[in-house]
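Predicted, not measured: the structure shown is a model, and the values here were computed from it.
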Amino acid sequence: MHTSELTPAVLKELRRPRPYPAVSLLMPTHRTRPERDQDFIRLRNLLSEARKRLREDPRVERDARLELEGKLSEESFREFEDIVYAGDGLLLLVAPGEELQTWQLSTPVEVPTRIVFSDTYLTRSLVNARLHAHPYYVLVLDQETSRLWVGEGERLTEVEDHGFPAPPRIPDPEDAVPGPLYGRSPSAIREERVRQYMTDVDERLTRALDAQPLPLFVVGGVEVLSRFDQVTRHAARFAGRVELAGQDTDSRTKLAERLVPAREEWARERVRQDMAALDDARSAKRFAGGLPEVWTMAAERRVGLLLVEESFVAVGQVDEEGRLHLEEVPEGTEPPLDVEVGVSAGTDIVDTLVETALDGDAQVRFVPDGTLTGDGRVAAVVRF
């Protein structure tokens with residue numbers, strides 16, 4: 001099974017307890033040659049090592065081992081050509097009695113190689129990749145068909161749900177006249193038909209936002225954007241506008257390229273807003289800075305907004321009482337996470353902090369390096 005959208009419901013399902021061993025395999029992939037030509041070799045080696053570890057692990061029962069070895073066979077790996085080439089990382093999840101799941105990761109952060117056997121799936125890299133990618137919607141308004149896309153980083157996937165794609169409805173014979181819906185001789189009837197179409201698109205958008213409340217970029221010609229502005233109930237969700245006509249026929253790659261300036265401005269504005277929120281929290285004495293203090297607030301489910309610098313690394317352990325014990329990390333190094341087999345992979349404290357904050361219903365965002373230098377590279381707005 002291949003899954004492309006990490007909704008809260010899907011994440012909850014992934015995190016539920018499973019019979020041992022729930023196998024999680026993580027590896028980096030590459031978008032360009034020559035590195036990407038080696039990805040299949042890396043994947044084959046990763047699958048081979050996972051099968052070897054299954055045979056050596058005394059906790060794995062014979063029937064479960066045989067089942068999982070079959071699902072992690074060379075034959076399975078041959079099905080992954082498009083998946084390996086699709087992003088910056090690949091996560092494979094499989095447990096006894098379940099189908100193999102494959103997840104593509106789009107992230108600016110280097111993806112480690114991991115093999116983890118546990119009683120639940122490894123979701124940290126999946127969640128972190130999604131947060132780094134800053135997911136968003138793109139609504140492309142057009143006279144022929146309006147389309148909705150979900151984006152993660154530069155990767156766009158068309159939404160085929162919630163009533164999308166959304167062609168205009170033809171309510172009476174007048175609207176069946178050949179030619180575009182917009183640009184004809186103005187009339188009260190024509191204006192009402194256009195208003196109805198934009199209202200219909202907005203209603204479909206409501207269903208999508210209810211299912212997954214993401215920031216929204218709106219793309220279209222000047223006229224259609226103006227008319228949509230008059231009826232939409234979701235102006236507060238707008239992250240940006242791109243005035244371009246005819247984008248319903250653009251490839252996803254071309255559309256992603258046209259969105260880059262708007263996405264970059266959105267990212268800068270988001271950082272400005274987050275810094276303002278921290279300043280307000282300081283004034284209201286609801287600010288926490290530095291890993292020890294933020295960890296305590298997250299463990300108590302008091303964090304409303306967590307900000308972490310992109311490349312911040314912290315290594316340590318959490319004891320049975322929930323206390324944090326940090327270890328020294330030489331500057332410029334990564335935590336020792338190349339290959340791990342065991343019940344947990346709890347050495348990366350930043351990953352654990354992010355998951356703990358999310359479990360407490362916090363918003364989590366990564367910010368550029370240097371943004372939080374004075375606050376220990378991690379800061380939070382606490383609820384009380």
Decide whether [X] and [Y] are clustered together by the hydrophobic rule: side chain heavy atoms of Ile, Leu, Val, Met, Phe, Trp, Tyr closer than 4.5 Å, transitively.
X: Leu278; Y: Phe312; value: no
X: Val150; Y: Val218; value: yes
X: Val382; Y: Val354; value: yes
X: Val294; Y: Val127; value: yes
X: Val23; Y: Leu66; value: no

Gap separating the [atom1] atom of [X] from the [atom2] atom of [Y], nearest 0.5 angstrom:
X: Leu91; Y: Leu122; atom1: CG; atom2: CG; value: 6.5 Å
X: Arg51; Y: Leu68; atom1: CZ; atom2: CG; value: 12.0 Å
X: Trp266; Y: Gln273; atom1: CH2; atom2: CD; value: 10.5 Å
X: Glu300; Y: Trp295; atom1: CD; atom2: CH2; value: 12.0 Å
X: Ser226; Y: Leu141; atom1: OG; atom2: CG; value: 11.5 Å
X: Arg301; Y: Arg383; atom1: CZ; atom2: CZ; value: 8.0 Å

Can you tell me if [X] uses its side chain to pair, donor with acceptor, with the backbone of [Y] under 3.5 Å?
X: Arg286; Y: Ala281; value: no
X: Ser251; Y: Lys254; value: yes
X: Thr120; Y: Arg15; value: yes

When you look at [atom1] of [X], are more than 12 heavy atoms from neighbouring residues, nucleotides or ligands closer to it than 6.0 Å?
X: Arg272; atom1: CZ; result: yes
X: Glu61; atom1: CD; result: no
X: Glu98; atom1: CD; result: yes

What's the shortest heavy-atom distance between [X] and [Y], and which atoms?
X: Lys71; Y: Ala95; result: NZ-O, 4.1 Å
X: Ala298; Y: Leu353; result: CB-CD1, 3.7 Å
X: Ala277; Y: Val381; result: O-CG2, 3.9 Å
X: Gly220; Y: Leu225; result: O-CD1, 3.4 Å
X: Gly151; Y: Leu156; result: CA-CD2, 3.6 Å
X: Asp142; Y: Thr145; result: CB-O, 3.4 Å

Query - Residue that, paired with Gln101, satisfies side-chain contact (heavy atoms from CB on, under 4.5 Å) out of Val10, Leu14, Leu92 - result: Leu14

Requested in this report: Could you check Val60, Asp119, Val116 and say which one makes a side-chain contact (heavy atoms from CB on, under 4.5 Å) with Pro21?
Outcome: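 Only one option passes, and that is Val60.
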
Report task. Start with the C-alpha distance between Leu105 and Asp88, add both sets of side-chain angles, then the distance that settles side chain to side chain contact (heavy atoms under 4.5 Å, CB included), and finish with yes or no. Result -> CA-CA 6 Å; Leu105 308 181; Asp88 305 302; 5.5 Å; no

Do [X] and [Y] make a side-chain contact, defined as non-hydrogen atoms from C-beta onward lying under 4.5 Å apart?
X: Arg282; Y: Asp375; value: yes
X: Pro213; Y: Arg237; value: yes
X: Asp57; Y: Tyr20; value: yes
X: Leu255; Y: Glu158; value: no
X: Glu257; Y: Glu154; value: no
X: Leu47; Y: Ser73; value: no
X: Val201; Y: Leu139; value: yes
X: Leu72; Y: Leu54; value: yes

Query raised in the report: Where do Met275 and Leu307 land on the side chain to side chain contact (heavy atoms under 4.5 Å, CB included) test, with the steps shown first?
Result: CA-CA 9 Å; Met275 292 304 98; Leu307 302 179; 3.6 Å; yes

[Y]/[X] salt bridge by N-O under 4.0 Å criterion:
X: Arg53; Y: Glu49; answer: yes
X: Arg42; Y: Asp39; answer: yes
X: Arg55; Y: Glu69; answer: yes

Report task. Test Glu203 against Arg207 for salt bridge (Lys or Arg N to Asp or Glu O under 4.0 Å), laying out the working first. Result -> CA-CA 7 Å; Glu203 289 175 352; Arg207 298 200 291 270; 5.8 Å; no

Query raised in the report: With Glu56, which residues qualify under salt bridge (Lys or Arg N to Asp or Glu O under 4.0 Å), at least two apart?
Result: Lys52

Query raised in the report: Testing Asp200, Thr206, Asp202 for side chain to side chain donor-acceptor pair (under 3.5 Å) with Arg204, which one passes?
Result: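 In the set Asp200, Thr206, Asp202, the residue that makes a side chain to side chain donor-acceptor pair (under 3.5 Å) with Arg204 is Asp200.
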
Query raised in the report: In terms of the angle between their ring planes, are Phe238 and Phe228 parallel, tilted or perpendicular, with boundaries placed at 30° and 60°?
Result: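 Ring orientation, 0 to 90° scale: parallel.
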
Report task. Would you check, one step at a time, whether the test side chain to side chain contact (heavy atoms under 4.5 Å, CB included) holds for Leu209 with Tyr137? Result -> CA-CA 9 Å; Leu209 289 170; Tyr137 279 134; 3.7 Å; yes

Report task. Please lay out, stage by stage, how Met198 and Val224 fare under the test side chain to side chain contact (heavy atoms under 4.5 Å, CB included). Result -> CA-CA 8 Å; Met198 291 294 97; Val224 67; 3.9 Å; yes

Hey, can you pull the donor-acceptor pairs under 3.5 Å for the side chains in residues 360-372, sequence neighbours left out?
| unit_1 | atom_1 | unit_2 | atom_2 | d |
| --- | --- | --- | --- | --- |
| Gln363 | OE1 | Arg365 | NH1 | 3.1 |
| Arg365 | NE | Asp274 | OD1 | 3.3 |
| Arg365 | NE | Asp274 | OD2 | 3.0 |
| Arg365 | NH2 | Asp274 | OD1 | 2.8 |
| Asp369 | OD1 | Glu310 | N | 3.2 |
| Asp369 | OD1 | Ser311 | N | 3.0 |
| Asp369 | OD1 | Ser311 | OG | 3.1 |
| Asp369 | OD1 | Arg377 | NH2 | 3.4 |
| Asp369 | OD2 | Ser311 | OG | 2.4 |
| Thr371 | OG1 | Pro368 | O | 2.6 |

Report task. Assess Arg147 against Phe164: is NZ or CZ under 6.0 Å from the centre of the six-membered ring, and within 45 degrees of the ring's axis? Result -> no

